[in-house]
Amino acid sequence: MGFFKKRSVDDLGEKKRDMPEGLWTKCPSCNESLFEQALSKNLRVCTNCGYHFTIGSDERIASLVDEGSFVEMDKHLDSVNALGFKGYLDKVKAYQAKTGLTEAVVTGHATIEGIAVLVAIMDFRFLGASMGSVVGEKITRAIEAATAERKPVIVFSASGGARMHEGILSLMQMAKTSGALARHSEARLPYISVLTHPTTGGVTASFATLGDIIIAEPKCMIGFAGPRVVKETTHADLPPGFQTAEFMMQHGLVDMIVDRKDMRPTLAKVLRYLAGVKASA
């Protein structure tokens, strides 16, 4: 017989939590542990390697436009299940509750360093910012409003592509947004497209790559199909850095790569250059 009773883990009581959750975030690029408060202050860009984390539309707007200038439009537009896809509306409602958004894009009027613009910000948190009918409609309305008011339009893209739940209705948004941009171009008004991580599928194949100026955040993924699909289709080894912003700039798709902290002044500079845009009163 032993002199001491064997103890179990349960005898130690409730585990003490010395470190509250959510204080630190590990960078997926360099594996550095980043203090969450410092990361947020740095616009969610890794202070060690410069990796750009995905950010929400609210954070993007706050870092981009003049304080108090953003006025959202078409917030009421909501998805319908036109094709009867099982569980689709339940999924939409769940993401609405989770993100506080109505859909995967936020559009509205704003000013950037005093310059009046229409902006559309895609939010990857909402169903991977997939392009459904509402996303296409909101972006189209923003472009049409910019054309009617003779203002520049800026679209920040981040998307997994077309929304499979809406089938052909989703693919139709490619033509609709492109048509609106064609009329905007005919009116000789600027369109700036900003590509963020990731920009893929039907979004890449339509409005994301139709900008007068195409800007990308560092190292973001830009493409139509994924690398594995491309490799299997072409039966060829892909070059280093394939589908990165840097690769796309080297091969002529992207005009400039801009760090997030420099995005606001860069956009203002480009807007002042394109068509002699002047600051609003």
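Here the shortest heavy-atom pairing between Arg264 and Glu113 reads NH2-CG, 3.9 Å. When all heavy atoms are compared, the tightest approach of Met221 to Pro227 is CE-CD, 3.9 Å. The two residues Cys30 and Cys46 come nearest to each other via the heavy atoms SG-SG, 3.8 Å. Closest approach of Ala104 and Ala129 over heavy atoms only: CB-CA, 3.6 Å. Met131 and Gly136 make their closest contact through CG-N, 4.4 Å (heavy atoms, listed as atom of the first residue, atom of the second, distance). The minimum heavy-atom distance linking Ala180 with Thr140 is given by the pair CB-CG2, 3.9 Å.
Counting only heavy atoms from C-beta outward, the side chains of Ile222 and Leu253 approach each other to under 4.5 Å. At least one side-chain heavy atom of Phe156 sits less than 4.5 Å from a side-chain heavy atom of Arg60. Two residues are said to be in side-chain contact when any heavy atoms from C-beta on lie closer than 4.5 Å; Lys138 and Met73 fail this criterion. When side chains are defined from C-beta on, Leu238 does not count as touching Gln243, because their heavy atoms never get closer than 4.5 Å. Taking 4.5 Å as the limit, every side-chain heavy atom of Ser63 sits out of range of all side-chain heavy atoms of Lys261. By the 4.5 Å heavy-atom criterion applied to side chains, Ser170 and Ser133 are not counted as neighbours. Side-chain contact between Leu210 and Tyr191 is present, with at least one heavy-atom pair separated by less than 4.5 Å.
For residues 196-210, the set of pairs meeting the side-chain hydrogen bond (donor to acceptor under 3.5 Å, both in side chains) definition, not counting sequence neighbours, is empty.
Salt-bridge formation is not detected for the pair Glu32/Lys26: no Lys NZ or Arg NE/NH1/NH2 atom is positioned less than 4.0 Å from an Asp or Glu carboxylate oxygen. A salt bridge links Arg141 with Asp74; the closest basic N to acidic carboxylate O contact falls under 4.0 Å.
Side-chain heavy atoms closer than 4.5 Å link hydrophobic residues (I, L, V, M, F, W, Y) into clusters, and following such links, possibly through other members, connects Met263 to Met256. Note: the hydrophobic cluster containing Ile213 also contains Val258 (ILVMFWY, side chain heavy atoms under 4.5 Å, direct or indirect links). Ile215 and Tyr273 fall within the same hydrophobic cluster, defined by Ile, Leu, Val, Met, Phe, Trp and Tyr side-chain heavy atoms under 4.5 Å apart, directly or through other members. A single hydrophobic cluster is seen to contain both Leu181 and Val135, as judged by linkage of ILVMFWY side chains at heavy-atom distances under 4.5 Å, directly or through other members. Hydrophobic clustering (side-chain heavy atoms under 4.5 Å, transitive across Ile, Leu, Val, Met, Phe, Trp, Tyr) keeps Leu77 apart from Phe207.
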Show me the side-chain donor-acceptor pairs of residues 89-97 shorter than 3.5 Å, one per line, residues at least two apart or across chains.
from, atom 1, to, atom 2, distance (Å)
Lys93, NZ, Asp78, OD2, 3.3
Gln96, NE2, Asp78, OD1, 2.9
Gln96, NE2, Thr102, O, 3.0

Considering only distance and modelled atom types, tabulate donor-acceptor pairs under 3.5 Å from the side chains of residues 118-128, sequence neighbours left out.
from, atom 1, to, atom 2, distance (Å)
Asp123, OD1, Arg125, N, 3.1
Asp123, OD1, Arg125, NE, 2.9
Asp123, OD2, Ser57, N, 2.7
Asp123, OD2, Ser57, OG, 2.9
Asp123, OD2, Arg125, NE, 3.3
Asp123, OD2, Arg125, NH2, 2.7

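The salt bridge (charged side-chain N to carboxylate O under 4.0 Å, His left out) check on Lys269 picks up nothing, with sequence neighbours excluded. Shown here are the salt bridge (charged side-chain N to carboxylate O under 4.0 Å, His left out) partners of Glu246, two or more places apart in sequence or in another chain: there are none. Here Thr25 pairs with Glu36 under the side-chain hydrogen bond (donor to acceptor under 3.5 Å, both in side chains) rule; sequence neighbours left out.
Rounded to the nearest 0.5 angstrom, Leu195 CG and Glu217 CD are separated by 9.5 Å. Going from atom SG of Cys220 over to atom CD1 of Ile257 covers 7.5 Å, rounded to the nearest 0.5 Å. Residue Ile112 holds its CD1 atom at 8.0 Å from OG of Ser69, rounded to the nearest 0.5 Å. Taking CD of Gln37 as the reference point, atom CG of Leu23 lies at 9.0 Å (rounded to 0.5 Å). The distance from the CD atom of Glu72 to the NE2 atom of His76 is 11.0 Å, given to the nearest 0.5 Å. To the nearest 0.5 angstrom, Ile143 atom CD1 is 10.5 Å from Lys176 atom NZ.
Checking each of Leu43, Val45, Leu34 against Phe53 for a side chain to side chain contact (heavy atoms under 4.5 Å, CB included) leaves exactly one that passes, namely Leu34.
Remark: side-chain polar atoms of His52 are paired, donor with acceptor, to backbone N or O of Arg260 under 3.5 angstrom. Under a 3.5 Å cut-off, the side chain of Arg163 and the backbone N or O of Ser130 do form a donor-acceptor pair. Counting only distance, with no hydrogens or angles, the side chain of His251 and the backbone of Met249 share no donor-acceptor pair below 3.5 Å. Remark: side-chain polar atoms of Asn81 are paired, donor with acceptor, to backbone N or O of Gly84 under 3.5 angstrom.
Residues Asn42 and Thr47 bring no donor and acceptor atom of their side chains to less than 3.5 Å of each other. If you check the side chains of His109 and Glu149, you find a donor sitting under 3.5 Å from an acceptor. In summary, the side chains of Tyr88 and Glu166 do present a donor paired with an acceptor at a separation below 3.5 Å, with no hydrogens or angles considered.
Counting heavy-atom neighbours within 6.0 Å of Phe70 CZ, excluding the residue itself, gives a total above 12. Atom CE of Met172 has 12 or fewer neighbouring heavy atoms from other residues, nucleotides or ligands inside a 6.0 Å radius.
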Candidate pair Leu267 and Ile192, rule side-chain contact (heavy atoms from CB on, under 4.5 Å), full reasoning
CA-CA 8 Å; Leu267 287 174; Ile192 301 174; 3.8 Å; yes

Let me see the working for Leu189 and Lys151 under side-chain contact (heavy atoms from CB on, under 4.5 Å), right down to the final yes or no.
CA-CA 7 Å; Leu189 296 167; Lys151 294 178 181 177; over 6 Å; no

Step-by-step side-chain contact (heavy atoms from CB on, under 4.5 Å) determination, Ile154 to Leu271
CA-CA 10 Å; Ile154 304 172; Leu271 287 169; 4.1 Å; yes

side-chain contact (heavy atoms from CB on, under 4.5 Å), that's the test. Do Ser79 and Glu103 meet it? Break it down for me.
CA-CA 8 Å; Ser79 295; Glu103 254 295 344; 2.4 Å; yes

